[in-house]
There are 2 protein chains.
Amino acid sequence: MDGRPRYLWVADRLRRPILNGELEPGTRLPSRSRLARTYDVSEQVSRHALRLLVSEGLVEARPGSGYYVRPVPQIHRFSRTDRTSGSGVDPLERSDLGTQTDAVCGAVARRLGVRDGERVFRTRCLGMSDGAPVALHTAWEPAALTQGTLRTPADSEPGTSVLQRLAAAGVIIDRVVEEVGVRPLREPESSLLHLAPGLPVLVVERTHYSGRRPVETSDLVGSVDHCRLLYRLSLARAPRKPR
Amino acid sequence: MDGRPRYLWVADRLRRPILNGELEPGTRLPSRSRLARTYDVSEQVSRHALRLLVSEGLVEARPGSGYYVRPVPQIHRFSRTDRTSGSGVDPLERSDLGTQTDAVCGAVARRLGVRDGERVFRTRCLGMSDGAPVALHTAWEPAALTQGTLRTPADSEPGTSVLQRLAAAGVIIDRVVEEVGVRPLREPESSLLHLAPGLPVLVVERTHYSGRRPVETSDLVGSVDHCRLLYRLSLARAPRKPR
DNA sequence: AAGTGGTCTAGACCACTAT
DNA sequence: TAGTGGTCTAGACCACTTA
């Protein structure tokens, strides 16, 4: 009965009833010293087990109070193929962080097909769920596109769709490319989202094209526990010819 | 200079040169005892710092040898909108795990719109990168659809596209819905992928429809470090009318 | 044989919460 | 005031890699 590390064994004992629903969300777990006594292990072991469950997202630590079974997070589905509506965090309540001009850095410059240091508008907003931020949308757009018009992101009603705004400026967006991945949360984002840096987050790098020219690109960074992406794809037209 | 936990401070010291590229991938980091001495902290602190970097995916621990800057993993982009080719792990080398009939369980039954216990074909394959598995594709399809024909997954050449195979059986797939999310790796998958259970993985739940009827559904489970999803969407047609 | 990472023990202090 | 989680110290043994 040994082979496995003891902390994994303790974690298993707690994980089972949580996943089975025998422990209601919000239930307080035994404290780390209590666990150490009942399973006859050192406190470091119970600590390690509890931190493992926290890292798995099953348990929440409230310092000074205890460990609690996490409430099942509300899952939000981001429909990525309905382009009728607007901002980047669509099913969620939006909290705007404003627009500023910026000199564009390496990766974003490449995505926009512009030189390093080119001026861009950067627009950010948070997606809120139950008052807590769960997604961050950051959009970059060459300032040259709309500078001097009333169609800049700063001049427009927050939440206006890029498609509508740029169409009004005479730029027709006809193609979108999205790259979806997961990476650890980094610093400017983590404080905005009130999540620990290093936590894995879902990332959608989206670029809007007008013909061959990229005209806007954005990052959607979303909590892995709250966010799903939904793609509805139609194959109505005849299958494409093999290239 | 204190406020912050010491282990975070030590981790920062190591993270900076790794992200800047000053420490080449493959470089060995100072051992935990060495780190403890140079920064004048206890070994538990250096240990904590190093484990943090491991959890962030920046560093790899080789027991008995040391901590190493992780080689940049090869990233594979799964194009989810090119339907010309076949299997579920497309840009990767495929390793087939065969087809078996099964009684379908809860969630998958719902996705297929069939009763619990209905017979389905379950087909699995691994996607390999440099000889190591990085993605697992599991597809379910009601046995009733093709039973008795030569168009069952078991009778067809492995890697045949579902669209082609079912089209040959008279079932025209005209719609695809994909739901993308992240969840901890579970047991049957973790041993097939040789990854630790609990590790976050990218999951694509895809369902193929023939009109309103779901005819095939599958899970693509991929290592977060190696897998990206690529969606190329055309907005060529006039924007849809608001519903 | 020496060094390393993984695990473990047995203590400790602090800021915070609950009562 | 007692209990809690977060952090920290100073040791230890084991299996493994490296030389």
Side-chain angles (χ1 to χ4, degrees), chain A residues 1-15 18 23 26-71 190-191 194-199, chain B residues 1-14 18 23 26-71 190 194-199:
Chain A
M1 71 199 188
D2 237 1
R4 301 185 71 201
R6 322 257 284 265
Y7 76 94
L8 284 181
W9 188 81
V10 173
D12 285 347
R13 287 277 153 153
L14 295 172
R15 187 168 17 221
I18 294 176
L23 288 175
T27 308
R28 207 186 113 196
L29 296 180
S31 75
R32 68 184 193 197
S33 60
R34 174 122 224 106
L35 269 183
R37 280 197 300 278
T38 64
Y39 289 113
D40 195 30
V41 292
S42 97
E43 234 189 90
Q44 287 280 6
V45 170
S46 63
R47 203 169 306 177
H48 201 338
L50 286 165
R51 292 197 65 91
L52 179 62
L53 294 176
V54 169
S55 82
E56 290 176 8
L58 295 175
V59 164
E60 174 186 5
R62 297 184 203 157
S65 172
Y67 289 95
Y68 294 82
V69 178
R70 256 183 97 180
S190 65
S191 51
H194 298 133
L195 293 174
L199 213 73
Chain B
M1 76 200 188
D2 237 2
R4 299 186 74 200
R6 323 258 283 263
Y7 76 94
L8 284 181
W9 188 81
V10 174
D12 285 347
R13 287 277 151 153
L14 295 171
I18 293 175
L23 288 174
T27 308
R28 206 186 114 195
L29 296 179
S31 75
R32 69 184 193 199
S33 62
R34 175 123 220 105
L35 269 184
R37 281 197 299 277
T38 66
Y39 290 111
D40 196 30
V41 292
S42 96
E43 235 188 270
Q44 287 278 8
V45 171
S46 64
R47 204 171 304 177
H48 202 338
L50 286 164
R51 292 196 66 92
L52 180 61
L53 295 176
V54 169
S55 82
E56 291 176 9
L58 295 175
V59 164
E60 175 187 3
R62 297 184 203 157
S65 172
Y67 290 96
Y68 294 81
V69 177
R70 257 183 96 178
S190 66
H194 298 130
L195 293 175
L199 212 72

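Basis for what follows: all heavy atoms, side chains included, without hydrogens, waters or symmetry-related copies. All values derive from a computational prediction rather than experimental measurement. Letters go in sequence order (proteins before strands), and every chain restarts at 1.
Residues A:Val69 and A:Leu58 have side chains not in contact (no heavy-atom distance under 4.5 Å, counting atoms from C-beta outward).
Between C:dC8, D:dT9, C:dT17, one nucleotide has an atom nearer to the side chain of A:Ser65 than all others, and that is C:dT17. Across C:dG5, C:dT7, C:dT9, the shortest atom-to-atom separation from the side chain of B:Pro63 is found for C:dG5. When distances are taken from the side chain of B:Tyr67 to each of C:dG5, D:dT7, C:dT4, the shortest belongs to C:dG5. Closest to the side chain of A:Ser31, from the set D:dG5, C:dT4, D:dA10, is D:dG5. Candidate nucleotides D:dT7, D:dT9, C:dT4 were compared by shortest atom distance to the side chain of B:Val45, and D:dT9 ranks first.
Of the two residues contacting DNA chain C, namely B:Gln44 and B:Pro30, the nearest-nucleotide position lying further toward the 5' end is that of B:Pro30. With the nearest nucleotide of DNA chain D identified for both A:Arg47 and A:Gly64, A:Gly64 has the one nearer the 5' end. Each of B:Leu50 and A:Tyr68 was assigned the nucleotide of DNA chain C with the nearest heavy atom; the assignment lying further toward the 5' end belongs to B:Leu50.
When the P atom of C:dT7 is taken as reference, atom CD of B:Glu43 falls 15 Å away, rounded to whole Å. For the pair B:Leu35 CG and D:dT9 P, the computed distance is 13 Å after rounding to whole Å. D:dT4 atom C1' lies 15 Å from atom CD of A:Glu60, rounded to whole Å. Here the C1' atom of nucleotide D:dG5 and the NE2 atom of B:His48 are 12 Å apart, to the nearest Å. We find that CZ of B:Arg62 is positioned 8 Å from P of D:dT18, with the value rounded to whole Å. B:Leu29 places its CG atom 19 Å from the P atom of C:dG3, with the value rounded to the nearest Å. A straight line from OH of B:Tyr39 to C1' of D:dC8 spans 18 Å, rounded to a whole angstrom. For the pair A:Asp40 CG and C:dA10 P, the computed distance is 9 Å after rounding to whole Å.
A cation-pi arrangement is not found for B:Arg6 relative to B:Tyr39, the charged atom failing to lie both closer than 6.0 Å to the ring centre and inside a 45° cone about the ring normal. Stacking of A:Arg32 on the aromatic ring of A:Tyr67 is not recorded, the 6.0 Å distance cut-off and the 45° axial limit not both being met.
Contact annotation: A:Tyr7 does not reach the phosphate of C:dC8 (side-chain N/O to OP1 or OP2, under 4.0 Å). Contact between the side-chain N/O atoms of A:Ser33 and the OP1/OP2 oxygens of D:dT4 is found at a separation under 4.0 Å.
The residue A:Arg34 sits apart from the nucleic acid: no heavy atom pair falls under 4.0 Å.
Using a cutoff of 4.0 Å between basic side-chain nitrogens and carboxylate oxygens, B:Arg70 and B:Glu60 are not scored as salt-bridged.
Of all heavy-atom pairs spanning B:Pro30 and B:Arg34, the tightest one is CB-CG, 3.7 Å.
A donor and an acceptor atom sit less than 3.5 Å apart, one in the side chain of B:Arg32 and one in the base of C:dG6.
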